[in-house]
Amino acid sequence: MTNARRHPRSTTADQLLTEVADAVRLQEGPPGVRSVLRALRRLAPASTKDLSRATGLPVPIVAALGNELRRRGLVTKERPSRLTEAGSDLVARLGMDLTMDATCRTCDGRELVIPEVLDEAVRRLRALMESGPAADMAIDQSHCTAETKVRRVLALLTAGALPGGSLLLIGDDDLVSLAVAVVGDVLGGPIVERVTVVDISAEILDYIQKVAGGLGTRVETVQHDLRHPLPERLHGQHDVAMTDPPYTPEGARLFLSRAVEGLRPGPAHSVFFSFGGKSPDEMLEVQREIMALGLVTHGYIRNFNEYEGSGILGGVGFFQQLLTTTSTASRQGDYSGPLYTGDKRTRQREYECVACGHKVRVGPGARWAQVAALRAEGCPNCGKGPFRPGRLVSEAPEPMKPTEPSGAQERAEAPAPSGAQERAEAPTPSEAQERSHASKAAAPSEAQGRQEPKERQERQGRQERQERAATVRADVPVTPAVPSTTRTIGWHLPTPEERAALEKRAHPYVTRQADERDLPAIGAFEAEIARVSFGEDAIDDPVRWATRLGKAMEKSKQGMIVAGRPGGEPVGWCWVSINQNAMTGDRYANFRSLAVAPVDNRSDVAELLLTAGLEFCLAGGITEVTGRVHVGNVPMRTVYRKFGFDPTSLSMKLFLPRSER
């Protein structure tokens with residue numbers, strides 16, 4: 001706890017909050033801005049995701065607020081963010097400079113702690129997630145973590161809904177059915193008489209049946225479109241229900257209605273309901289839907305659920321226990337209206353190109369329906385990126401005139417590497433992204449799976465998260481590489497004069513091998529890379545990245561290079577690994593990461609890092625270097641071409657219709 005400075009309440013300070021809220025069209029108004037400032041005061045330095053979790057505001061909204069506060073000199077330009085002196089003074093004038101956090105440090109406010117006996121269940125569920133179906137973000141799927149799965153089972157046990165009885169799961173892409181079965185297996189016997197899973201996905205249901213068969217718990221799967229009432233044989237047959245519906249009021253009403261249909265008649269039956277944070281008005285709609293079904297709230301835990309790859313909501317959601325009453329009834333028949341978040345978007349958002357400051361609109365009716373599509377094509381003015389989210393535009397925006405990309409995309413000069421633009425191939429620390437480095441393709445638009453026709457959108461989202469392979473969009477012109485039987489040496493060691501000239505341009509920064517003291521800075525680089533590469537799906541916790549890279553350093557620091565002032569913090573980072581072809585035995589090098597902070601001579605520092613990486617390869621006797629890049633990542637392609645890299649292959653992707661059988 002700190003002593004609070006007392007300042008008279010300032011009308012100017014209140015007016016500033018209103019101006020910031022209006023600038024980003026924040027539905028929560030000045031109180032929403034206050035919550036971000038308060039969280040910054042308490043958590044600094046704080047990432048956008050940290051602030052999203054603390055305030056309950058979506059990540060893009062927090063990012064837009066952060067940018068507006070930066071423009072006014074209230075938040076530092078450096079990330080993770082802190083309040084500037086002016087920002088701290090504003091917080092004091094608003095009477096918010098009292099810091100006291102009473103959150104339980106053991107459970108982190110979730111009310112439940114996983115006992116050691118169930119650590120094995122967490123490990124087994126992580127493995128099942130890795131081999132299970134991928135999340136389809138187009139239909140609001142986002143897998144909860146293995147820890148969350150176990151906590152949900154513990155919530156059922158704590159509430160007395162289990163052991164015994166029958167459990168109905170309305171949708172189960174989170175594999176809670178398997179969590180119940182695995183926990184029972186770890187504890188020595190089933191903890192439920194029967195689990196019924198209702199889901200539209202044959203892939204999910206087949207996987208559940210395949211795994212559950214060897215765990216001793218009776219699991220029944222029913223393939224069914226929840227837009228229609230449950231099959232009659234499932235009505236009134238279950239003691240407790242659980243659902244994690246699409247994050248819209250319509251989704252909440254529909255899935256909760258189906259849960260009510262499946263529960264036994266009478267009061268005090270539990271429905272465990274997971275949902276993401278929304279604006280107060282949107283949450284009012286959701287609570288009205290709950291009341292209309294005759295359900296009442298018995299418990300509520302904020303940030304109980306943690307999700308892989310749902311960056312827009314900060315990766316968290318609430319967990320609510322509802323109880324039936326004598327008035328509980330479902331009157332929901334067939335439903336054909338909007339259901340998923342994407343179905344309901346009606347407004348465009350303005351995005352600003354970091355490289356040139358050009359502003360473009362993204363959303364319904366704009367040239368780019370999704371920011372992933374904008375990232376894939378690059379800025380229409382300079383061909384670069386990344387893009388910062390800005391304010392929402394009016395409900396009825398004027399149609400955007402198509403803007404042809406300028407010739408900047410074809411310039412020979414290498415752009416300044418920053419974040420994922422210059423990322424050759426970087427690891428991703430989520431369960432779904434922690435594959436072998438050699439199998440990943442890095443690009444600033446790997447979150448591109450939600451663009452263009454909806455059918456393609458849905459499938460591409462699943463595939464990209466499973467394969468992490470470079471995707472060639474049909475509307476991006478690509479000149480195929482022509483294989484050659486002869487090798488052309490594309491790069492030579494710089495002469496002493498050339499090396500000296502490069503070092504002079506990069507001054508005062510020099511390169512050296514990275515070590516453990518650099519992990520915080522490297523973690524920040526990788527987090528920024530992830531933010532730009534994966535957008536809403538990013539895992540952008542610098543500490544998590546630093547931990548992962550620390551483990552890699554324990555094995556070998558070779559090929560890990562940083563640039564910085566002698567004895568100073570790194571301003572650039574490059575990682576090159578030496579691999580071996582399993583078939584031929586040939587050794588080759590692979591560029592994993594390349595990132596440079598926004599220093600004045602950024603492109604020169606990038607060239608110095610890339611040169612150091614190639615010198616490392618030559619010193620190790622390597623004669624072949626590879627680097628994967630997304631076809632739409634023009635800046636990184638330009639960097640490669642400048643250094644003599646030639647395109648040798650394209651990753652092609654084809655989607656087939658679902659089987660009619």
Side-chain angles (χ1 to χ4, degrees), residues 44-47 70 73 75-85 354-355 386 413-424 426 493-532 540 542-543 545-550 552-553 556-577 591-619 635-636 639 642-643:
S47 69
R70 282 187 186 88
V75 174
T76 59
K77 294 181 179 179
E78 297 78 19
R79 293 175 173 83
S81 301
R82 297 176 183 270
L83 292 171
T84 62
E85 185 176 347
V354 173
E413 277 298 314
S418 71
Q421 280 187 323
E422 315 313 334
R423 174 182 184 162
L493 272 173
T495 65
E497 293 77 13
E498 291 170 337
R499 192 67 159 84
L502 174 59
E503 291 173 353
K504 184 176 181 179
R505 295 196 307 273
H507 183 78
Y509 307 110
V510 296
T511 58
R512 60 173 172 81
Q513 181 174 287
D515 55 36
E516 286 76 9
R517 62 182 164 164
D518 303 313
L519 285 172
I522 293 173
F525 279 129
E526 292 291 348
E528 182 63 22
I529 287 171
R531 273 191 289 271
V532 183
D540 60 355
V543 175
W545 280 106
T547 300
R548 178 179 175 83
L549 271 296
M553 278 189 182
S556 175
K557 299 184 181 71
Q558 296 298 312
M560 294 184 171
I561 305 166
V562 294
R565 295 175 183 269
E569 289 288 317
V571 300
W573 153 246
C574 175
W575 185 12
V576 189
S577 66
F591 269 88
R592 289 185 177 279
S593 298
L594 180 61
V596 179
V599 294
D600 291 339
N601 52 346
R602 195 183 210 180
S603 59
D604 297 315
V605 176
E607 187 172 340
L608 185 67
L609 276 169
L610 196 51
T611 299
L614 293 174
E615 289 172 341
F616 163 74
C617 297
L618 277 181
M636 191 61 213
V639 171
K642 180 177 180 180
F643 272 78

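Every residue two or more places apart in sequence or in another chain that forms a side-chain contact (heavy atoms from CB on, under 4.5 Å) with Thr76 is listed here: Glu78, Arg82, Thr84. Val543 pairs by the side-chain contact (heavy atoms from CB on, under 4.5 Å) definition with Asp541, Thr547, not counting sequence neighbours. Scored by the side chain to side chain donor-acceptor pair (under 3.5 Å) test, Asn601 finds no partners at all (sequence neighbours excluded). Applying the side-chain contact (heavy atoms from CB on, under 4.5 Å) rule to Leu502 yields the partners Arg505, Glu607, Leu608, Thr611; only residues at least two apart in sequence or on another chain are considered. Under the rule for a side chain to side chain donor-acceptor pair (under 3.5 Å), Glu569 has no partner lying at least two apart in sequence or in another chain. In this structure Ala563 satisfies the side-chain contact (heavy atoms from CB on, under 4.5 Å) test together with Thr511, Val605, Leu609, sequence neighbours excluded.
Here Arg512 pairs with Asp518 in a salt bridge; the nearest charged N to carboxylate O distance falls below 4.0 Å.
Taken from CZ in Phe616 to CD1 in Ile561, the straight-line distance is 7.0 Å, to the nearest 0.5 Å.
Listed here is the closest heavy atom pair of Ala514 and Lys557: O-CD, 3.4 Å. In plain terms, the two heavy atoms of Glu516 and Met553 that are nearest each other are N-SD, 3.8 Å. Among all heavy-atom pairs drawn from Pro566 and Pro508, the shortest one is CD-O, 3.7 Å. Looking at every heavy atom in both residues, Phe525 comes nearest to Ala597 through CE2-N, 3.8 Å. Here the closest non-hydrogen pair linking Cys574 and Phe591 is SG-CE2, 3.6 Å. Residues Ala546 and Leu519 come closest through the heavy atom pair CB-O, 3.5 Å.
Using a 4.5 Å heavy-atom threshold, the side chains of Ile522 and Trp575 count as separate. Side-chain contact check for Leu549 versus Trp573: some heavy-atom pair is nearer than 4.5 Å.
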Step by step, would you call Val510 with Glu503 a side chain to side chain contact (heavy atoms under 4.5 Å, CB included)? CA-CA 7 Å; Val510 296; Glu503 291 173 353; over 6 Å; no
